Engineer: 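Got a structure for you, written out below as structure tokens; questions coming shortly.
What you see is a predicted model; the values in this text were computed from it and never measured. Residue numbers count from 1 along this sequence.
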Amino acid sequence: MATRTASAGSTTWTAAAFSGGAATTAADEVVVPTGSTLTISAASTVLCRSLSVTGTGTLIFAAATSTVSIGDATAGTGNVALSIAPGATITLTASSGVINFISTSTTQQTITTGGKTLPGITINGVGSSYVLGDALTQVITGVSTTFDVLAGTFDTANY
């Protein structure tokens with residue numbers, strides 16, 4: 001496991017986008033800090049154990065086929081799967097993209113949206129457990145923007 005921090009500037013989510021030039025894996029914690037804009041390309045699935053968009057960092061879903069799969073057999077640091085800062089930007093090109101929560105860890109993990117609108121979401125980790133850390137706003141238009149719980153549990157925490 002490693003923490004992979006996106007480099008400053010705008011780039012596509014590839015190995016070159018991260019300090020150290022290593023591709024992210026399902027065992028990595030990914031951070032998109034202030035000064036970084038990271039784009040998930042069309043027809044691309046990227047992997048990480050947890051994802052944090054901090055400060056005024058930006059994450060762009062370029063198309064309906066832009067997918068980030070979050071999770072492995074271990075919970076993210078602090079039991080956080082997704083953390084988006086209130087000052088961050090999430091761009092959904094044509095209201096699209098998908099976030100797959102696929103951890104198989106039985107430790108409950110937090111999803112914090114920072115008030116941002118998210119793309120389609122799938123909870124699909126056998127034995128997994130997720131809880132909202134704040135209100136969830138999601139685009140529900142088109143085929144790829146749904147909310148599905150296929151395996152595991154999802155707790156709204158009354159949001």
Side-chain angles (χ1 to χ4, degrees), residues 1-4 6 12-15 17-18 22-32 38-54 57-85 88-159:
M1 180 197 93
T3 298
R4 305 281 181 213
T12 301
W13 188 319
T14 62
F18 296 93
T24 61
T25 70
D28 293 326
E29 314 246 347
V30 170
V31 178
V32 182
L38 201 55
T39 300
I40 303 170
S41 300
S44 177
T45 298
V46 297
L47 305 171
C48 58
R49 174 178 291 160
S50 67
L51 175 61
S52 297
V53 185
T54 64
T58 299
L59 181 65
I60 299 171
F61 290 82
T65 54
S66 302
T67 303
V68 58
S69 290
I70 300 174
D72 68 356
T74 305
T77 299
N79 301 327
V80 173
L82 177 66
S83 176
I84 302 171
T89 300
I90 304 298
T91 301
L92 307 176
T93 306
S95 300
S96 60
V98 177
I99 300 174
N100 290 323
F101 292 95
I102 58 172
S103 177
T104 56
S105 170
T106 57
T107 301
Q108 188 173 60
Q109 297 180 67
T110 303
I111 297 170
T112 305
T113 68
K116 307 305 174 204
T117 299
L118 299 183
I121 293 174
T122 301
I123 308 290
N124 194 15
V126 174
S128 67
S129 176
Y130 296 95
V131 61
L132 284 178
D134 60 4
L136 174 65
T137 303
Q138 185 189 16
V139 172
I140 304 290
T141 58
V143 175
S144 69
T145 50
T146 62
F147 186 95
D148 294 312
V149 178
L150 303 175
T153 62
F154 179 77
D155 182 348
T156 65
N158 293 318
Y159 284 106

Engineer: Restricting to side chain to side chain contact (heavy atoms under 4.5 Å, CB included), what partner residues turn up for A23, sequence neighbours left out?
Structural biologist: A15
Engineer: Quick one, T110 and S83 - any side-chain contact, counting heavy atoms below 4.5 Å?
Structural biologist: no
Engineer: Please tell me if the side chains of T54 and V31 come closer than 4.5 Å, counting only heavy atoms from C-beta onward.
Structural biologist: yes
Engineer: Would you call L47 and S69 a side-chain contact if the rule is heavy atoms closer than 4.5 Å?
Structural biologist: yes
Engineer: Look up atom CD1 in I111 and atom CD1 in I84, then write down how far apart they are to the nearest 0.5 Å.
Structural biologist: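 Rounded to the nearest 0.5 Å, the CD1-CD1 separation comes out at 9.5 Å.
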Engineer: Decide yes or no for L82 and Y130: does some side-chain heavy atom of the first lie under 4.5 Å from some side-chain heavy atom of the second?
Structural biologist: no
Engineer: Working to the nearest 0.5 angstrom, can you tell me the gap between D148 CG and I123 CD1?
Structural biologist: 9.5 Å
Engineer: From I99 CD1 over to Q138 CD, what is the distance, rounded to the nearest 0.5 angstrom?
Structural biologist: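 Rounded to the nearest 0.5 Å, the CD1-CD separation comes to 8.5 Å.
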Engineer: Identify the heavy atoms of S128 and A151 that sit nearest to each other, and give their distance.
Structural biologist: OG-O, 3.8 Å
Engineer: Which heavy atom of I90 sits nearest a heavy atom of V53, and at what distance?
Structural biologist: CD1-CG2, 4.3 Å
Engineer: Under 4.5 Å between any side-chain heavy atoms of L59 and L51, yes or no?
Structural biologist: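 Sidechains of L51 and L59: in contact.
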Engineer: Check the pair D134, T113 against side chain to side chain donor-acceptor pair (under 3.5 Å), reporting the backbone distance first and the verdict last.
Structural biologist: CA-CA 6 Å; D134 60 4; T113 68; 3.0 Å; yes
Engineer: Give the minimum heavy-atom separation between A157 and L132, together with the two atoms involved.
Structural biologist: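 Here A157 and L132 meet closest at CB-O, 3.6 Å.
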Engineer: Between T93 (side chain) and F61 (backbone), is there a donor-acceptor pair under 3.5 Å?
Structural biologist: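 Yes.
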Engineer: Would you say D28's side chain and C48's backbone share a donor-acceptor pair under 3.5 angstrom?
Structural biologist: no
Engineer: Set out, in order, the CA-CA distance, both residues' side-chain angles and the distance that settles side chain to side chain donor-acceptor pair (under 3.5 Å) for N124 and T122, then state yes or no.
Structural biologist: CA-CA 6 Å; N124 194 15; T122 301; over 6 Å; no
Engineer: How about F154 and F101: are their ring centroids closer than 6.0 Å?
Structural biologist: no
Engineer: Do you know which two heavy atoms are closest between L136 and F147, and how far apart they sit?
Structural biologist: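 Answer, listing the atom of L136 first, then F147: CD2-CE1, 4.0 Å.
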Engineer: Find the distance between CD1 (I40) and OG1 (T45) and round it off to the nearest 0.5 Å.
Structural biologist: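 Output value for this atom pair is 9.0 Å.
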Engineer: For the pair T153 and S129, evaluate side chain to side chain donor-acceptor pair (under 3.5 Å) and give the outcome as yes or no after the intermediate values.
Structural biologist: CA-CA 5 Å; T153 62; S129 176; 3.3 Å; yes
Engineer: Has T12 got a side-chain atom pairing as donor or acceptor with T14's backbone, closer than 3.5 angstrom?
Structural biologist: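 No; zero donor-acceptor contacts below 3.5 Å.
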Engineer: When rounded to the nearest 0.5 angstrom, what is the spacing between CZ in R49 and OG1 in T24?
Structural biologist: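 That separation rounds to 12.5 Å.
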Engineer: Please report the closest heavy-atom contact between G71 and A26, naming both atoms and the distance.
Structural biologist: O-CB, 3.7 Å
Engineer: Does any N or O in the side chain of T89 come within less than 3.5 Å of the main-chain N or O of T58, such that one atom is a donor and the other an acceptor?
Structural biologist: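 No; zero donor-acceptor contacts below 3.5 Å.
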Engineer: Please report the closest heavy-atom contact between Q109 and A81, naming both atoms and the distance.
Structural biologist: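 Scanning both residues, the minimum pair turns out to be OE1-CB, 3.8 Å.
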Engineer: If you measure from CG on L118 to OG1 on T137, what distance do you get to the nearest 0.5 Å?
Structural biologist: 8.0 Å
Engineer: Passes side chain to side chain donor-acceptor pair (under 3.5 Å), E29 versus S50? Steps please.
Structural biologist: CA-CA 5 Å; E29 314 246 347; S50 67; 2.7 Å; yes
